[in-house]
Amino acid sequence: MLSLGHLVNRRIMVSLPDLLGTSDPLTCVLISNEVAGIWISSPELAEKLCPPQPAGDTPPIFIPFTQIGFVVSAESSQPPPARKTSAAARPHQSSKSHISDRKRR
């Protein structure tokens, strides 16, 4: 199951209809998620909300969940890497198969 925690430090598209006046998504980077909302980095949104910043310095912006229409990952989804199972975690042969092996001998 995907959660916002899986998208931290990745590009997302977030709809902020009340804040931006449109439901068109804004592309930004998810910095962190909290119980009440998300922290994002978006030069475009910072330009609208904050006083001018030094070049390349984008302040983090907190967006409460109540202001968010939707969130979409802006990166292609990759299947999670296959987990390696240890020998102890692998299923072992049942006792029936051991018995049938003995009968064959």
Side-chain angles (χ1 to χ4, degrees):
M1 182 167 134
L2 188 64
S3 70
L4 284 173
H6 290 99
L7 299 174
V8 171
N9 294 323
R10 295 180 182 245
R11 289 182 321 117
I12 61 169
M13 295 184 297
V14 60
S15 172
L16 307 168
D18 292 339
L19 190 59
L20 299 178
T22 178
S23 61
D24 293 342
L26 171 75
T27 300
C28 57
V29 174
L30 178 64
I31 298 172
S32 178
N33 65 306
E34 295 186 9
V35 173
I38 60 175
W39 286 95
I40 62 170
S41 175
S42 167
E44 180 183 338
L45 187 58
E47 188 177 299
K48 291 181 182 186
L49 300 177
C50 305
Q53 303 292 316
D57 194 18
T58 304
I61 301 169
F62 182 78
I63 307 294
F65 285 126
T66 57
Q67 298 297 312
I68 298 172
F70 62 85
V71 174
V72 177
S73 173
E75 299 179 0
S76 64
S77 60
Q78 298 288 328
R83 294 190 317 174
K84 294 181 181 179
T85 57
S86 66
R90 290 187 197 124
H92 61 280
Q93 287 184 318
S94 69
S95 59
K96 287 182 181 178
S97 63
H98 290 295
I99 293 169
S100 62
D101 285 343
R102 286 185 206 142
K103 287 182 181 178
R104 288 186 207 145
R105 293 181 189 168

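Count residues from 1 along the sequence.
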Could you pull out the closest heavy-atom pair between [X] and [Y], with the gap in Å?
X: Leu45; Y: Leu19; answer: CD1-CD2, 4.1 Å
X: Cys28; Y: Val14; answer: SG-CG1, 3.8 Å
X: Thr58; Y: Ser41; answer: CG2-OG, 3.8 Å
X: Leu4; Y: Leu30; answer: O-CD2, 3.4 Å

Problem set entry | side-chain hydrogen bond (donor to acceptor under 3.5 Å, both in side chains) partners of residues 12-25, not counting sequence neighbours, each pair once |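 Listed by first then second residue: Thr22-Asp24.
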Seminar exercise, completed: Across all chains, not counting sequence neighbours, the side chain to side chain contact (heavy atoms under 4.5 Å, CB included) partners of Ser32 are Trp39
Exercise. What residues form a side chain to side chain contact (heavy atoms under 4.5 Å, CB included) with Pro64, not counting sequence neighbours?
Worked result: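 For Pro64, the residues satisfying side chain to side chain contact (heavy atoms under 4.5 Å, CB included) (neighbours in sequence not counted) are Phe62, Thr66, Gln67.
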[X] and [Y]: same hydrophobic cluster, using ILVMFWY side-chain contacts below 4.5 Å?
X: Met13; Y: Ile38; answer: no
X: Leu49; Y: Ile12; answer: yes
X: Leu20; Y: Ile68; answer: yes
X: Val71; Y: Leu26; answer: yes

For this session: Examine distances only and state if a side-chain atom of Arg11 and a backbone atom of Ala74 form a donor-acceptor pair shorter than 3.5 Å.
Result: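 Looks like yes, one N/O pair under 3.5 Å.
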For this session: Applying side-chain contact (heavy atoms from CB on, under 4.5 Å), run through Ile31 and Ile40 and close with a yes or a no.
Result: CA-CA 5 Å; Ile31 298 172; Ile40 62 170; 5.6 Å; no
